[in-house]
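Residue numbers start from 1 in every chain, and the chains themselves are labelled A, B, ... in the order their sequence lines are given, proteins ahead of strands. Nothing here was measured: the structure is a model prediction, and the numbers come from that model.
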Number of protein chains: 2
Amino acid sequence: MRPTIKDVARDSGVSVATVSRIVNGLPGYSPETRKKVMKVIEDLGYKPNAVARNLVSRKTSTIGVLLPQLSSHFAAKLLQGIEDEAHNRRYSVVVCNTDSNGKRTQDYLELLREKQVEGILFASELLTDEYAETLQGFGIPAAVIATTSHVPSIPFIKVDDEAASYSAVQFLIENGHQRIGMISGTKHDPISGIPRIKGLKKAFSENGIPFEEELIEYGDFGFRSGYEAMERLYRSNPELTAVFAASDEMALGILSFCYEKGMKVPDDLSVIGYDDTDIATMSIPPLTTVHQPIQEMGTDAVRMLMKMIDGNQPESRFMAYRITKRNSVKNLT
Amino acid sequence: MRPTIKDVARDSGVSVATVSRIVNGLPGYSPETRKKVMKVIEDLGYKPNAVARNLVSRKTSTIGVLLPQLSSHFAAKLLQGIEDEAHNRRYSVVVCNTDSNGKRTQDYLELLREKQVEGILFASELLTDEYAETLQGFGIPAAVIATTSHVPSIPFIKVDDEAASYSAVQFLIENGHQRIGMISGTKHDPISGIPRIKGLKKAFSENGIPFEEELIEYGDFGFRSGYEAMERLYRSNPELTAVFAASDEMALGILSFCYEKGMKVPDDLSVIGYDDTDIATMSIPPLTTVHQPIQEMGTDAVRMLMKMIDGNQPESRFMAYRITKRNSVKNLT
DNA sequence: CTGAAAGCGCTAACAG
DNA sequence: CTGTTAGCGCTTTCAG
């Protein structure tokens with residue numbers, strides 16, 4: 001049995017109240033009793049029980065994070081940012097892998113509530129009305145990352161996908177490309193799918209480039225799907241000089257496809273990705289891509305959550321993006 | 001104020017004991033009272049407070065995981081395995097990023113103890129005597145992953161680095177290579193550094209290949225360091241036909257170096273990596289590498305921990321490794 | 001400066 | 001079948 005505050009009190013001949021004060025650095029005891037008590041604490045190896053503490057203080061100093069997957073590079077980077085900032089604020093983070101599963105997500109939400117977490121972060125996935133509702137019912141501060149929310153009490157933090165996508169295509173056009181294709185993510189994804197397509201269309205129309213549906217193929221953001229989508233895209237549009245991929249992984253899929261077909265990147269085909277995860281620096285050639293400050297979104301989201309825990313209502317935020325130029329886009333001009 | 005068990009008891013005209021029984025599915029009430037109580041629970045939106053529960057049951061159903069970094073692909077994959085299995089067992093996991101910092105690690109250890117986690121997993125980093133000692137002092141079940149432990153009460157789960165390394169080099173030799181170099185990780189790393197070098201030496205000596213110190217360059221397991229180490233290695237050993245890298249990331253660094261120098265992989269140089277993380281499939285050419293069942297190590301570690309929580313003392317375990325053949329090694333024979 | 005006592009929300013005997 | 005009563009380990013008035 002681990003020693004409790006009672007044991008310390010008994011052994012040092014004081015009341016538990018005094019021990020509590022000493023442990024918590026509150027005033028109200030003489031230097032001598034403090035010394036005496038500290039010694040007993042030391043001897044016994046006493047450590048306060050956070051569970052008991054949390055019960056009376058009604059605070060747990062922990063937040064929960066829901067992610068559709070833990071093994072993606074995006075999730076990893078985000079988690080790094082979240083954990084870092086949480087640790088700075090002396091908060092713990094419990095991770096939940098929703099697997100993009102509604103039931104599982106709801107279960108986790110319940111669980112987090114029962115565990116009395118002080119805040120919930122929900123990332124990279126559509127915040128359904130259902131989720132938003134249960135979250136609001138909880139009355140626990142919550143924010144979403146890399147996804148939107150139309151509920152004002154649940155702010156979001158993300159980059160403006162349409163604008164970023166527009167910039168990427170614009171960048172291609174500025175480099176002299178006119179025959180541009182796209183490998184989008186999941187077809188009707190309202191977060192990372194549709195807006196990015198919209199950005200491309202906007203860039204096309206502003207530059208007088210006609211848009212056709214067959215210029216777009218769909219993947220699932222993963223490497224393999226990028227490779228396969230490129231296969232289809234190339235078959236229907238062999239004359240393309242550049243393609244924009246909605247994720248770095250899919251962009252690498254394109255690179256692999258080109259390699260196998262003997263097409264040189266960027267000489268025969270230019271490729272631009274999206275995310276700027278570590279793999280963008282490790283590819284051959286290094287990938288030009290839309291940079292999202294993933295880790296920073298994590299730390300900022302935690303800051304947001306902390307504001308809410310402190311009783312304020314922060315605004316949703318768009319993070320800055322930029323094009324990180326490496327060597328996968330050729331200048332045709 | 002969220003409703004408590006008392007509110008439910010009052011509103012349904014029964015005692016808290018009865019409500020508790022109903023909530024926990026214990027026997028001891030008529031179907032009618034159950035129905036009545038359930039209705040009140042529903043109306044009030046009552047959910048049990050896990051903190052209070054944990055206090056009396058002295059169980060928290062949560063484990064803590066310490067990782068030197070969260071954003072690496074290795075960590076991400078491991079976490080995925082850990083969270084999955086923990087969730088199966090209805091356990092929560094709190095993540096801690098030690099940043100390979102001794103102070104920070106000790107702080108986390110204290111924190112986890114205070115939060116009364118039921119088990120601790122420590123990954124990818126040397127378990128110092130100091131850590132082992134505080135862990136043992138806690139009396140909380142603990143296991144280490146991808147690293148060793150000489151403390152019997154803290155079992156490890158890892159692949160046999162020396163044997164795996166030996167296999168990798170043996171594979172190269174079987175493919176006709178004799179002039180083989182290595183890019184190792186951190187120089188005196190007792191876990192992933194020294195044993196892997198030992199494996200290489202063993203393969204060399206068994207095949208009558210003379211070993212020289214200059215055949216090895218050191219990196220830090222990261223991409224950039226792999227590139228730079230290869231630069232040095234190539235300068236001093238331009239006649240190499242194959243290089244063994246102690247991590248996939250460093251292997252990709254080698255690939256990039258070769259690309260820039262106009263050397264074809266595997267035609268001009270064969271490369272074999274270590275880990276078999278996702279990037280090994282995404283490189284050009286796809287990387288032949290030593291497969292470590294990372295995610296599985298995570299799930300198995302949780303199983304181990306659960307056994308310990310149940311009062312048993314599991315044995316340390318070596319996981320199976322294998323060579324995953326892709327296209328970065330040329331057969332010279 | 002210090003202690004007694006009343007909880008925090010819940011579980012678990014123990015009576016009835 | 002159901003209620004009463006002690007706590008779990010700690011914080012926090014309120015007295016003194």
Would you indicate whether the side-chain heavy atoms of A:T62 and A:V117 approach each other to under 4.5 Å?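 In contact.
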
Any side-chain heavy atom of A:Q313 sitting closer than 4.5 Å to one from A:M308?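 Yes, side chains in contact.
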
All side chain to side chain contact (heavy atoms under 4.5 Å, CB included) counterparts of A:T147, not counting sequence neighbours: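 Expected list: A:V144, A:I191.
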
What pairs with B:R2 under side chain to side chain contact (heavy atoms under 4.5 Å, CB included), at least two apart in sequence or on another chain?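 Here the qualifying residues are A:R113, A:Q116, A:I140.
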
Walk along DNA chain D from 5' to 3' and tell me the first and last nucleotide with an atom closer than 4.0 Å to a non-hydrogen atom of chain A.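 Result: D:dC8 to D:dT13.
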
Taking only side-chain N and O atoms of A:S15, does any of them lie within less than 4.0 angstrom of OP1 or OP2 on C:dT2?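 So the side-chain polar atoms of A:S15 never come under 4.0 Å of the phosphate oxygens OP1 or OP2 of C:dT2.
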
Can you pull out the residues from residues 28-45 of chain A that lie within a 4.0 Å heavy-atom distance of DNA chain C?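 A:G28, A:Y29, A:S30, A:T33, in order of number.
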
With a 4.0 Å cut-off on N to O distance, would you call B:K36 and B:E32 a salt bridge?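 No, B:K36 and B:E32 are not salt-bridged.
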
A:R317/A:E296 salt bridge by N-O under 4.0 Å criterion: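 Judged by the 4.0 Å cut-off on N to carboxylate O distance, A:E296 and A:R317 do not form a salt bridge.
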
Check whether any side-chain N or O of B:D300 sits under 3.5 Å from a backbone N or O of B:M297 as a donor-acceptor pair, and report yes or no.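 Checked: no pair found.
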
So, does B:N97 use its side chain to make a donor-acceptor pair with the main chain of B:D99 at under 3.5 Å?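 Yes, because the side chain of B:N97 sits within donor-acceptor range (under 3.5 Å) of the backbone of B:D99.
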
Produce the list of close N/O pairs, under 3.5 Å, pairing protein atoms with atoms of nucleotides 8-12 of chain C; give distances to one decimal.
residue: C:dC8; atom: OP2; partner: B:K6; partner atom: NZ; Å: 3.3
residue: C:dC8; atom: O3'; partner: A:R58; partner atom: NH2; Å: 3.2
residue: C:dG9; atom: OP1; partner: A:R58; partner atom: NH1; Å: 3.2
residue: C:dG9; atom: N2; partner: B:A52; partner atom: O; Å: 3.4
residue: C:dC10; atom: OP1; partner: B:Y46; partner atom: OH; Å: 2.6
residue: C:dC10; atom: OP1; partner: B:N49; partner atom: N; Å: 3.0
residue: C:dC10; atom: OP2; partner: B:I5; partner atom: N; Å: 2.3
residue: C:dT11; atom: OP1; partner: B:N24; partner atom: OD1; Å: 3.3
residue: C:dT11; atom: OP1; partner: B:N24; partner atom: ND2; Å: 3.1
residue: C:dT11; atom: OP1; partner: B:R53; partner atom: NE; Å: 2.7
residue: C:dT11; atom: OP2; partner: B:S20; partner atom: OG; Å: 2.8
residue: C:dT11; atom: OP2; partner: B:N24; partner atom: ND2; Å: 3.4

Using five pairs at each end of the helix from C:dC1-D:dG16 to C:dG16-D:dC1 to define an axis, what is the angle between those two axes, to 10°?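 About 40°, once rounded to a multiple of 10°.
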
Answer with yes or no whether the side chains of A:E118 and A:Y91 bring together a donor and an acceptor at under 3.5 Å.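 The criterion, which ignores hydrogens and geometry beyond distance, is satisfied for A:E118 and A:Y91.
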
Pair A:Q136-A:S153, side-chain donor/acceptor within less than 3.5 Å: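 On atom types as modelled, these side chains qualify, holding a pair under 3.5 Å.
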
Heavy atoms from other residues, nucleotides or ligands near NZ of B:K307 exceed 12 (cutoff 6.0 Å):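 Open.
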
Would you say that more than 12 heavy atoms from the other residues, nucleotides or ligands in this model lie under 6.0 Å from the CD of A:E130, or not?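 No, CD of A:E130 has 12 or fewer neighbouring heavy atoms, counting only those of other groups under 6.0 Å.
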
